[in-house]
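Worksheet: one structure, shown below.
As the structure is a prediction and not an experimental result, all values here were calculated from the model.
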Amino acid sequence: MRIGFIGLGIMGTPMALNLVRSRRGVIVWNRSAEKAAVLEAEGAEVAASVAALFASSDVIILMLATDAAIDAVLQRGTPAFASLVAGRTLVHMGTTAPDYSRALESDVLSAGGAYVEAPVSGSRVPAEAGELVAMLAGAAETVETVQPLLQPLCRDAIVCGAVPNALLMKLAVNIFLISTVTGLAEAANFAASHGLDLQLFKRIADGGQMASGISRIKSAKLAEGDFSPQAAISDVLKNNQLVVEAARRLGIASPLLDVCRALYAETEEMGLGGLDMAAVIKAIAARAAKS
C-alpha cells in the first residue's frame, strides 16, 4: 500500500518524516516545493504534482490548514476532483469545521473514493516524537484500514464513530487546551507583573498537580520569552473560532472560549500571528496598559 502525504507545515513536516522513516513508498507534495527537500533527503518520493501523487498512492493523508486549501488541492467542484479521488482513501488530519468535513466525505464517496476524518491532538513537539493522539471517524472498514497506518505518527488512535464525530471531539479537546494555555499565560503575566522570578514560577507550576505535558512546554516558553511556534497564534485563533461557531449552532455557551477568542484576536492584531500561542501573554499584558 502506497501512502501519499500533502501538507508540510509546522505539524505536517514532522508527521511526514515519521511516516517516511517507518516505511518505504511514501510520496509527498507541498505547495511550497522547497519544504519537501527534507523529506526527499529521508527517502520520500517528491511528486511533481497533486495528480502525480494521487496516481501513485492508495491512501492520501491531508494535513492542510483550511478548507479552502483542501478544496484547492483536490480541485473540488471541478471534473478533476473525481478523477483524483476515485478508488482512493482520503485521510483528513487537519482541523476544519465539522460540517465541512461531512460535506467533503459526501463528495468523496459520491466520486467513488473512501474517507476518514483523523484530526490530531498535539503540537509540534509531540508530532516530532510520534506522540500525537488521533481521533478517527468514518466507515468502520475504512477506519480499520487506516488506523494501523497512523502508528508512526500517533501514540493512540481512538475511533469516535461516524463523520464528523472526530472533529467534534477535537474541538471539545481544544476547549481544554486553549483555556489551559491561556490560563497559564495569565498566571505568568500576574507573576511577572508582581516582580516574581518566572523561572521559580515555572519550577512550581511544573511540579504541581496541574502540570501536564503541554503546560511544561508552555511554561518554559513563558519563562524564557521563547515564542518560536509549535502551535501558532493564528492557527489557535482559527481553531477557537471553530469551537465558538459549533457551539452557537447548537445553542450552547462557550464562555471561556469567547474570552480566549478575543485575546488571540488581539494578539494577532499586534502582528504576532506567527508566534507560538503562549505569546497570548502579550495581549493580556497589553490590556493592563489600556485600563
Side-chain angles (χ1 to χ4, degrees), residues 1-30 36 38-40 42-47 50 53-64 70 73-74 84-96 98 101-102 104-105 108-109 111-173 213:
M1 182 179 293
R2 299 200 77 191
I3 302 177
F5 195 106
I6 297 176
L8 303 177
I10 290 174
M11 294 285 290
T13 295
M15 290 167 68
L17 279 170
N18 285 332
L19 189 62
V20 169
R21 289 165 179 164
S22 72
R23 61 184 297 136
R24 294 182 179 179
V26 178
I27 311 162
V28 302
W29 183 86
N30 194 69
V38 64
L39 276 301
E40 188 173 26
E42 292 284 345
E45 178 184 339
V46 179
V50 171
L53 181 143
F54 271 81
S56 301
S57 305
D58 305 298
V59 175
I60 297 91
I61 294 173
L62 302 174
M63 191 59 186
L64 296 165
I70 295 170
V73 165
L74 298 179
L84 286 176
V85 305
R88 293 167 181 84
T89 299
L90 262 65
V91 183
H92 170 29
M93 297 195 75
T95 303
T96 59
S101 183
R102 195 200 315 263
L104 179 58
E105 179 195 40
V108 170
L109 296 181
Y115 181 83
V116 172
E117 191 180 75
V120 292
S121 178
S123 57
R124 180 172 56 83
V125 170
E128 290 171 343
E131 290 287 313
L132 297 168
V133 175
M135 292 145 274
L136 308 182
E141 62 275 14
T142 311
V143 169
E144 187 176 349
T145 299
V146 167
Q147 194 169 18
L149 303 179
L150 303 183
Q151 287 180 352
L153 318 181
C154 305
R155 63 178 169 82
D156 205 355
I158 301 166
V159 180
C160 297
V163 173
N165 280 1
L167 272 165
L168 287 169
M169 190 69 77
K170 169 66 187 293
L171 296 185
V173 171

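Taken to the nearest 0.5 Å, the CZ atom of Arg23 stands 3.5 Å off from the CD1 atom of Ile3. Atom CZ of Arg24 and atom CD of Glu45 lie 14.0 Å apart (nearest 0.5 Å). Leu62 contributes atom CG, which lies 5.0 Å from atom CG of Leu90 (distance to the nearest 0.5 angstrom). Here CZ of Arg2 is found 8.5 Å from CG of Asp58. Values are rounded to the nearest 0.5 Å. Atom CG of Asn30 is separated from atom OG1 of Thr13 by 7.0 Å, given to the nearest 0.5 angstrom. Atoms CG and CE, from Leu64 and Met11 in turn, are 13.0 Å apart once rounded to the nearest 0.5 Å.
Annotation: side chain of Val38 is not in contact with side chain of Leu8 (no heavy-atom distance under 4.5 Å). The side-chain heavy atoms of Thr95 and Leu167, taken from C-beta on, include a pair separated by under 4.5 Å. Considering only heavy atoms from C-beta on, Phe5 stays 4.5 Å or farther from Leu39 through its side chain. Contact annotation: the side chain of Leu74 approaches that of Phe54 to within less than 4.5 Å [non-hydrogen atoms, C-beta and beyond]. Residues Leu153 and Met93 are in side-chain contact: their nearest non-hydrogen atoms beyond the backbone lie under 4.5 Å apart. Between Leu149 and Ile61, every side-chain heavy-atom pair lies at or beyond the 4.5 Å cut-off. A 4.5 Å side-chain heavy-atom check between His92 and Ser101 finds at least one atom pair inside the cut-off.
Here Glu144 pairs with nothing under the salt bridge (charged side-chain N to carboxylate O under 4.0 Å, His left out) rule; sequence neighbours left out. Here Glu42 pairs with Arg21 under the salt bridge (charged side-chain N to carboxylate O under 4.0 Å, His left out) rule; sequence neighbours left out.
Heavy-atom minimum distance, Pro164 versus Pro98: CB-O, 3.4 Å. Closest of all the heavy-atom pairs between Ser22 and Leu19 is OG-O, 2.8 Å. Across Leu132 and Gly122, no two heavy atoms sit closer than the pair CD2-CA, 3.7 Å. Contact detail for Leu136 and Ala166: the closest heavy-atom pair is C-CB, 3.8 Å. Contact between Tyr115 and Leu109 at its shortest, heavy atoms only, is N-CD2, 4.5 Å. Here the shortest heavy-atom pairing between Leu53 and Val28 reads CD1-C, 3.7 Å.
Under the 3.5 Å distance criterion, the side-chain polar atoms of Asn165 are matched with a main-chain donor or acceptor of Cys160. Between the side chain of Lys170 and the backbone N or O of Val120 there is at least one donor-acceptor pair closer than 3.5 Å. A donor-acceptor pair under 3.5 Å links the side-chain atoms of Gln147 to the main chain of Ala157, judged by distance alone.
For residues 113-141, every residue pair satisfying the salt bridge (Lys or Arg N to Asp or Glu O under 4.0 Å) rule, not counting sequence neighbours, is listed here: Arg124-Glu128, Glu131-Arg155.
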